[in-house]
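What you see is a predicted model, and the numbers here were worked out from it, not measured in a lab. Letters A, B, ... are given to chains in the order of the sequence lines, protein chains preceding strands, and every chain is numbered from 1.
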Amino acid sequence: MDLAELLAIRQKERDRQKSTRIHCCTAAGCLSSGSAAVKAQLEAAVDAEGLGASTEVCSVGCMRFCGRGPLVEVVSREGDREPILYEQVTTADAASIVKALKGGEATAPLGDRNHPFFARQFPIVLENSGKIDPERIEEYIAVGGYQQLYRVLYEYDPAEVVDEITRSGLRGRGGGGYPTGLKWATVAKMPAGQKYVICNADEGDPGAFMDRSVLESDPHRVLEGMAIAGYAIGANHGFIYVRAEYPLAIRHLQKAIQQAKRYSLLGSQIFGSPFDFKIDIRVGAGAFVCGEETALIASVEGRRGNPRPRPPYPAESGLWGCPTLINNVETLANIPAIIREGAEWYAKIGTEKSKGTKVFALTGKVRNTGLIEVPMGTTLRQIVEEMGGGVATAGGVKAVQTGGPSGGCIPASALDTSVDYESLTQLGSIMGSGGMIVMDNETNMVDVARFYMEFCRGESCGKCIPCRAGTVQLYQMLTKILNREASEGDLERLEALCYMVRDTSLCGLGMTAPNPVLSTLRYFRQEYEELLQPATGKR
Amino acid sequence: MSVRTLRINGIDVAVESGTSILAAAKQAGITIPTLCHLDGVSDVGACRLCLVEIQGSNKLLPACVTEVAEGMDIQTETPKLQEYRRMTVELLFSEGNHVCAVCVANGNCELQDMAIAVGMDHTRFPYRFPDRDLDVSHPQFGIDHNRCIFCTRCMRVCDEIEGAHVWDVAQRGAAVRMITGLNQPWGEVEACTSCGKCVEACPTGAIFRQGSTVAEMQRDRSTLEFLVTAREKKEWTR
């Protein structure tokens, strides 16, 4: 494969595509609301109307407005017609959507692309999501896919790639926010020899589905990002660690890797250069702790997924003791766009210290749920009230939970906070990988804290005592409070144990497990106190 | 040999580079409490008792797996560390069934010693009384899972010194348990060489030699009967 061949595939695919494309979302969200049957009906209707020559029905990835799925969009390739978005499409609507192409009226509700839910978005990671068929590499190539890998191999030396990523200001989207360029540079500077790239797709936070969506909707983007990372740090082998609960993502990845190998876009001497890179999938059995990089590495090696103390960091001693770069799905999905548009372009998006965009899974009591990608610095109010449309219940938004079991609850009074790493940390929460759960006034915050503690209690690997036994005790104390059996002393013990578990746990799971409790105590302490039993005085 | 100089609890120490803080402290005559560390096998940093404060770092670091660095200023006994250590021991006591009075290791137990060392006379956390079993299928040894604190010393000693790797960890969180073989009864594990290293390594009374536990006390009352008969009837054979 050389550039000319790649461009030929691109042209051939563009010629192949019919002038009207009916995009039907077949990512997990819409699929669960019956989009596979809708797609079949759409295809049947195209045949029945005799539109086969000019119209095709395509399976595409996530169109983001998951709460209104299944979503169908009619797109004209010539651009002579505005795309028409249909929401909550049923099989009964399918025929009318196709008939509408000939001037009829569709029965499905019309979506509004100018709705704040879409209008405020800035898709980089999700730029192809919902537009291309994730199961066809040709469609990815047709929108410019793998060209950045080519450019990197022939126009950049590895240090220049690292430099480009560093200058872009990209930070780890797994939640930690560690500068990606610095991480790449550290691994790149390790002595030459066997090195690895790992894509962490062990997304497991309750309420989060960003990484799953990216893998389901645009898997090649992640593969291209990994290959570029491999070139930059001198690795020839990559692993995608994806959890078994994501069967569709795994299937799309398997297919994508197979197709990329067939086109020699993965494998040896990619684009005729000396660069070799292969990618293997490792399916995780579904342990939250395996999102922790040292536990993930142990799991890839075939051992029990236990974390170990760092240092040594994986950059120095990772997979099988070799220098290893571990990046989250979203981080890697940013790479092709950064190379294409340049570091300066990327660095202009976002805030002073948090560059670019962030994908959030907006869920909970909010009216509009789904996937959003917004520039860093967008305020929580813009996200929750404008894009999300607020909550349906009286009294409005009470809190926004970010960062899942490692994060915290941000009260409604802080909704004007800009979404960036530092601001969220200051509020006692974290950016996290991007789960954003909106809570209304009917939510009991002690119950919320207990929910997350129950999750951590079940997911602790059991290696270190504060996390193994501390989360159990914290969960019991929260239950005691909820059952109105606790006294003031219990609340003091709860708080003291939270700090102890946070400060003494071995890995991130335990260190952050108390965050939902501490943040709700910070902003909603009254709710805890109201549940306490007054000291009766009897001894 | 390169040397690192550092300060532990205000005492200047010079040790070989690559030494752990734990070992450096020992050389300086300072004891840092630990349960999962065992000389001769690898360290895992699991018990969190050896956490120390290092000037300039807001994290508490485990002394057993943290290497010394030039100019480190380490504190091992701050009020915060003492409080956390006590809580750690309380958590350990409340998660298993550690009733010293009926334990084979009573008076010879590192967990008991640790409780005394950190000043723990009761636990502020409710006992959980987990339903754990006892395995005495091995002819010589036994494990009482109720007394296990998951220091994994038995596992490491069996793997790294004996080379048998009979022990391993199964399950997670509160359900975590030590297993033998492929979760078989210990007596059925062919890999076990009956070397007894795990018994020596265990800090509590969890792994023990049979015949030495409280309940195994045997009294042969017929001996008394025999003696009486022998004396009274002059019958000296049974």
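The candidate with the highest count of non-hydrogen atom pairs below 4.5 Å against chain B, out of A:Thr471, A:Leu497, A:Asp490, is A:Leu497. Chosen from B:Lys59, B:Met87, B:Arg124, B:Glu67, the residue pairing most often with chain A at heavy-atom distances under 4.5 Å is B:Met87. Most heavy-atom pairs under 4.5 Å with chain B: of the set A:Gly470, A:Cys461, A:Pro466, this distinction falls to A:Cys461. Interface remark: of the candidates B:Asn58, B:Val176, B:Val169, B:Val169 forms the most heavy-atom pairs closer than 4.5 Å to chain A. The greatest number of non-hydrogen atom pairs below 4.5 Å with chain B, out of A:Gly305, A:Gly489, A:Gly462, is found for A:Gly462.
For B:Leu51, the part lying under 4.5 angstrom from a heavy atom of chain A is the side chain only. Heavy atoms of B:Ile149 lying under 4.5 Å from chain A belong exclusively to its backbone. In this structure, the portions of A:Glu459 lying under 4.5 Å from any heavy atom of chain B include both its backbone and its side chain. Looking at B:Gln171, only its backbone comes within 4.5 Å of chain A, counting heavy atoms on both sides.
Taking 4.5 Å as the heavy-atom cut-off, the residues of residues 503-522 of chain A that approach chain B are A:Asp503, A:Thr504, A:Ser505, A:Leu506, ordered by number. Listed by sequence position, A:Gly286, A:Ala287, A:Arg304 are the residues of residues 283-304 of chain A in contact with chain B, using a 4.5 angstrom heavy-atom cutoff.
One distance of note links CZ of A:Arg308 with OG of B:Ser42; it measures 12.5 Å at 0.5 Å rounding. How far CD of B:Glu90 is from CD of A:Gln473: 9.5 Å, rounded to the nearest 0.5 Å. Here B:Arg172 contributes atom CZ and A:Cys467 contributes atom SG; the two are 11.5 Å apart, rounded to the nearest 0.5 Å. Annotation: the span from A:Met500 atom CE to B:Leu91 atom CG amounts to 5.0 Å, rounded to 0.5 Å.
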